Structure formats: C-alpha cells, structure tokens
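Ligands are counted one by one from 1 in listed order, and the atoms in each one are counted from 1 as well. Note that the structure is a prediction, hence the values are computed from the model and not measured.
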Amino acid sequence: MNQVSAIPSTATAKINLLDLDRAGLRNFFQELGEKPYRAEQVMKWIYHGLEDDFGNMTDVGKALRTKLAAVCRIGPPATLMDKVATDGTRKWLLGMNHGNAIETVYIPEPTRGTLCVSSQIGCALNCRFCSTGAQGFNRNLSPGEIIGQVWVAAKYLGEATHQSRRITNVVMMGMGEPLANFDNVLVAMRLMRDDLGFGLAAKRVTLSTAGMVPLIDKLSAEIDVSLAVSLHAANDTLRTELMPINKRYPLAELLAACERWIARKPRTSITFEYTLMDGINDQPVHARELIKLMRAFPTCKVNLIPFNPFPGTQFKRSPASVIHAFQTLLINAGVLTMLRRTRGDDIDAACGQLAGQVVDRTRRSASLRSQREPQGVAHAL
Ligand code: SAH
C-alpha cells in the first residue's frame with residue numbers, strides 16, 4: 001500500500017480518498033483524530049452511494065464533514081469522452097495529468113456486465129500485436145485512478161440510483177501490465193473485492209498478465225482474485241518474437257508459476273489467453289503445441305481472441321474458418337476452449353485496441369511509428 005500522510009502539505013494536495021483501501025482509510029481517520037469506524041461509513045457513501053460530496057453524507061456529523069472537505073477529496077478521473085458502440089459496448093476516455101488519457105470499456109452481456117480497467121498509461125512490455133504497446137509508456141496509475149475507473153463507469157451506468165448491479169465483473173485487461181504496477185493495483189483490487197467497496201467475488205475480479213513470474217507468486221500470497229495469462233504461443237521461439245517479456249520469463253518458468261498458483265488455490269482455474277493472428281500462431285501445429293501444454297492444466301481454460309487490428313499493425317485477424325479449425329482441434333483434445341466474441345470494434349474498444357493518449361516517455365512510439373507506419377498514420381480516436 002502507498003504510504004499517504006493524513007495531513008496534506010498544501011491545500012491543493014488534498015488526499016484523494018479513492019487512493020486508500022479500507023485499512024488505509026481507517027488509518028487516515030485515526031490520524032485525523034477520528035474513530036476508525038468512520039472510514040467504513042464514508043466508504044459506503046463512496047462506493048455504494050457513488051457520492052463524491054462530503055456535504056451529502058448525512059449520517060456523518062457536520063463538523064466532521066467540514067473537516068473532511070478541508071483535508072481530503074473524493075477525486076475520480078475526469079471523463080473526456082463517452083462512446084457507445086452499436087452492440088452496446090461503452091468506452092470512456094478518462095483524463096489523467098499532463099495530457100495523458102486512458103480508456104475503460106464496459107461490455108454488457110445478457111447475464112453479466114464486464115468492465116475492462118486500465119492499470120498504466122501506456123505499457124512498457126511492447127508486445128508486438130498490441131496497440132497499447134505501440135504507444136509507449138508514461139507512468140503507473142494511482143490506486144484512485146484505477147478504482148476511479150470503476151467508480152466513473154458505475155456512476156454512468158446508474159448503479160447508485162437504480163439500485164442495480166450493472167458491473168458484475170472487472171477484468172484488469174485494459175491498457176498496461178497490471179503486475180508491473182503491483183502495489184497500486186492491489187489497493188484497487190481490494191476495493192473491488194471489499195463488501196464496502198464494489199463487493200465483487202474473487203472469481204469476478206480478474207487480473208491478466210503477460211507473465212511477470214515472481215509477481216504472480218506475490219499476487220497469490222496477497223489477495224484472492226482470478227488469474228488470466230496471456231500466452232499467444234506455446235513455444236518459446238514464437239512467444240519471444242511476439243512478447244519480448246518471454247526472454248526474461250520463458251514458458252517453463254511461467255507455467256511453473258501457474259502450477260504454483262493452482263496448488264495454492266486448488267478450486268480456482270487459470271484462463272490462458274491466445275490471440276489468433278493470421279499465419280503467425282493459428283496453424284494446426286500451433287494448436288497441437290497448445291494442447292500439449294494444456295495437459296498440465298486440466299482444470300484451466302483457453303480463451304481464443306480473434307486479433308483486433310489497429311492502424312500500422314503488420315498482423316491480420318485469422319480467417320473465421322481457421323479460427324474454427326483451431327478451436328475444434330482444442331475441443332476435440334478435451335481442452336475447455338472459449339472463443340471471445342469481438343465487441344465494440346466500431347469504437348476501437350476491443351482487446352488490444354485501447355490506446356488512450358499516451359505522452360510517451362520511452363520514445364518507443366516514435367521509433368515504432370517510423371517502422372510500422374511509413375505514411376505517418378497516427379492512431380486517431
Ligand atoms: N498486459 C496484460 C493485460 C492487457 S491486454 C496482459 O498482457 O495480459 C488484455 C489481452 O488482450 C491480453 O491477452 C492481450 O495479449 C490481448 N491483446 C492485446 N492486443 C491484442 C489485439 N490487437 N487483438 C486481440 N487481443 C489483443
């Protein structure tokens with residue numbers, strides 16, 4: 001958890017209560033000389049009532065409300081854009097500091113509503129097929145900027161007023177590598193899980209990682225959530241070509257960490273994500289490698305994602321017949337395999353299309369643009 005002092009140094013540096021989980025809030029109230037149970041009262045207002053004005057917290061005494069307004073704030077990110085796709089998928093562009101922006105996507109389905117949340121401004125991992133990677137990296141999001149995405153979406157979806165649960169699942173599958181922003185993501189996920197936060201069960205909060213092996217172990221020790229692992233290739237040569245992180249943590253190490261995860265949480269399973277790219281990783285030989293790999297994970301499932309193109313990419317989506325053949329090979333071999341329907345692609349809200357506005361500090365976007373986009377076509381939102 002981030003250490004945050006209760007007393008801000010200047011009036012403009014008011015503490016954002018969205019940065020604190022329940023333990024942090026209790027500390028904060030204690031430091032203010034208040035009873036820690038006040039933390040729970042205020043949490044309910046923030047996350048159940050979606051209230052951001054202390055003045056409306058009617059069961060909190062007037063003197064305390066005035067004190068709170070003087071030293072802290074409830075500061076969700078500002079909405080710069082709110083777009084709805086023809087299939088109902090909704091995407092918000094949220095403003096961060098210094099001209100950066102990130103994206104959050106809501107995917108409604110008949111029996112559930114999934115919110116796809118970002119963890120970083122850009123991403124440093126540079127997976128070749130991901131538009132966030134091509135944008136370079138700026139910084140980690142704070143806990144408040146992460147949980148604030150859920151707060152903003154819940155507010156737009158009318159959760160507080162309609163007393164309905166529109167967001168039933170949260171997936172950390174937006175922009176960024178969540179494990180690379182471990183501490184802040186952890187605070188935010190605690191708030192997703194907490195009954196006085198968004199109250200989501202462990203199987204409804206999923207963290208997706210490209211495979212930061214030591215942090216997978218750390219995560220399983222810290223919190224009960226679900227794990228998704230971006231695989232995309234079942235052999236090291238191809239995986240390293242697609243995902244440079246595979247050089248640092250090759251498949252054997254990644255899969256050993258997955259086995260440890262399951263050993264610690266015997267009733268959970270892991271979802272292995274596999275984005276199908278035309279002629280790259282979608283051939284029967286690749287399916288057979290994947291089937292072999294999955295033998296060690298009989299309780300786990302594979303989520304096939306048709307590649308979502310973005311300007312400047314060299315990859316193409318596999319044809320429907322190839323996707324079908326790949327899926328059939330897996331299913332016939334007894335591998336539980338889901339095909340993710342592409343949602344929201346008319347508003348660039350599909351997997352790997354989230355780009356936001358990243359003020360790149362790695363210079364990667366410039367060098368990649370010159371390689372990938374000879375005509376200088378930039379990804380316009
Ligand atoms: N960094 C994390 C989470 C973000 S991406 C991770 O790697 O898991 C969420 C999923 O979308 C990942 O499986 C990612 O590999 C996949 N993805 C990225 N770009 C894509 C694209 N262009 N088309 C389809 N899926 C993509």
Side-chain angles (χ1 to χ4, degrees), residues 102-105 107 114-137 140-141 146 149 169-182 185 188-189 205-213 215-216 219 225-234 238-239 241-246 248-249 254 257-258 261 270-278 280-282 290 301-318 323 326 338-345 348-356 358 368 372 379:
I102 52 122
E103 296 183 328
T104 305
V105 177
I107 305 144
T114 304
L115 192 71
C116 182
V117 167
S118 296
S119 57
Q120 299 182 308
I121 299 176
C123 186
L125 295 189
N126 199 15
C127 298
R128 304 285 179 232
F129 48 85
C130 178
S131 82
T132 305
Q135 294 245 304
F137 177 70
N140 284 332
L141 294 180
I146 300 168
Q149 297 170 57
N169 294 61
V170 175
V171 292
M172 299 296 310
M173 292 186 189
M175 297 167 67
E177 166 52 44
L179 289 184
N181 183 13
F182 192 92
V185 165
M189 288 198 308
V205 176
T206 301
L207 181 144
S208 177
T209 180
M212 303 192 77
V213 167
L215 296 172
I216 293 176
L219 185 72
V225 290
S226 300
L227 182 68
V229 171
S230 294
L231 203 58
H232 309 310
L238 181 55
R239 194 164 189 272
E241 266 171 41
L242 296 173
M243 306 173 74
I245 194 177
N246 193 67
R248 181 119 170 253
Y249 301 116
L254 174 59
C258 292
W261 176 279
I270 295 176
T271 302
F272 291 98
E273 295 159 281
Y274 196 102
T275 295
L276 287 163
M277 290 165 262
D278 187 20
I280 303 286
N281 63 351
D282 62 352
L290 183 55
K301 71 167 191 237
V302 169
N303 213 339
L304 297 176
I305 313 171
F307 173 71
N308 292 308
F310 52 91
T313 182
Q314 69 202 79
F315 298 112
K316 289 202 209 67
R317 179 178 294 182
S318 307
I323 295 177
F326 194 95
M338 315 295 284
L339 177 62
R340 194 180 291 172
R341 260 196 318 141
T342 296
R343 299 288 306 261
D345 49 356
D348 282 353
C351 293
Q353 290 186 319
L354 301 191
V358 179
L368 276 179
R372 298 188 191 196
H379 181 48

(request) Kindly write out the residues that satisfy side-chain contact (heavy atoms from CB on, under 4.5 Å) with Asn181, not counting sequence neighbours, or none if the list is empty. (result) Gln120, Asn140, Leu141, Ile146, Asn184, Val185

(request) Could you list the residues that satisfy side-chain contact (heavy atoms from CB on, under 4.5 Å) with Ala228, not counting sequence neighbours? (result) Met173, Thr206, Ser208, Thr271, Glu273

Test your reading of the model: is there a side-chain donor-acceptor pair from [X] to the backbone of [Y], 3.5 Å cut-off?
X	Y	answer
Arg239	Leu231	yes
Asn281	Thr275	yes
Tyr274	Leu290	no
Arg340	Leu304	no

Those atoms of ligand 1 less than 4.0 Å from some heavy atom in [X]:
X	value
Ala210	6 (C), 7 (O), 8 (O)
His232	13 (O), 14 (C), 15 (O)
Glu273	10 (C), 12 (C), 13 (O)
Gly174	4 (C)
Cys130	18 (C), 19 (N)
Ile305	24 (C), 25 (N)

(request) State, to 0.1 Å, how close Val213 and Ala257 come at their nearest heavy-atom pair, and which atoms those are. (result) CG1-CB, 3.9 Å

(message) Assess, by modelled atom type and distance only, whether the side chains of Ser318 and Asp282 contain a donor and an acceptor separated by less than 3.5 Å.
(response)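 Yes, Asp282 and Ser318 have a side-chain donor paired with an acceptor closer than 3.5 Å.
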
(request) Measure Thr209 to ligand 1 on non-hydrogen atoms and call it side chain, backbone, both or neither using the 4.0 Å cut-off. (result)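 Answer for Thr209: backbone.
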
(message) Are any of the N/O atoms on Phe129, whether in the backbone or the side chain, positioned under 3.5 angstrom from an N/O atom of ligand 1?
(response) yes

(message) Does any N or O of ligand 1 fall below 3.5 Å from an N or O anywhere on Gly176, backbone included?
(response) yes

(message) Looking at non-hydrogen atoms alone, which of Thr275, Asn303, Asn308 comes nearest to atom 16 (C) of ligand 1?
(response) Thr275

(request) From atom 6 (C) of ligand 1, work out which of Ser118, Gly133, Ser230 has a heavy atom at the shortest distance. (result)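 When every heavy atom of Ser118, Gly133, Ser230 is considered, Ser230 comes closest to atom 6 (C) of ligand 1.
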
(message) Looking at ligand 1, would Ala228 count as a contact under a 4.0 Å heavy-atom criterion?
(response) no

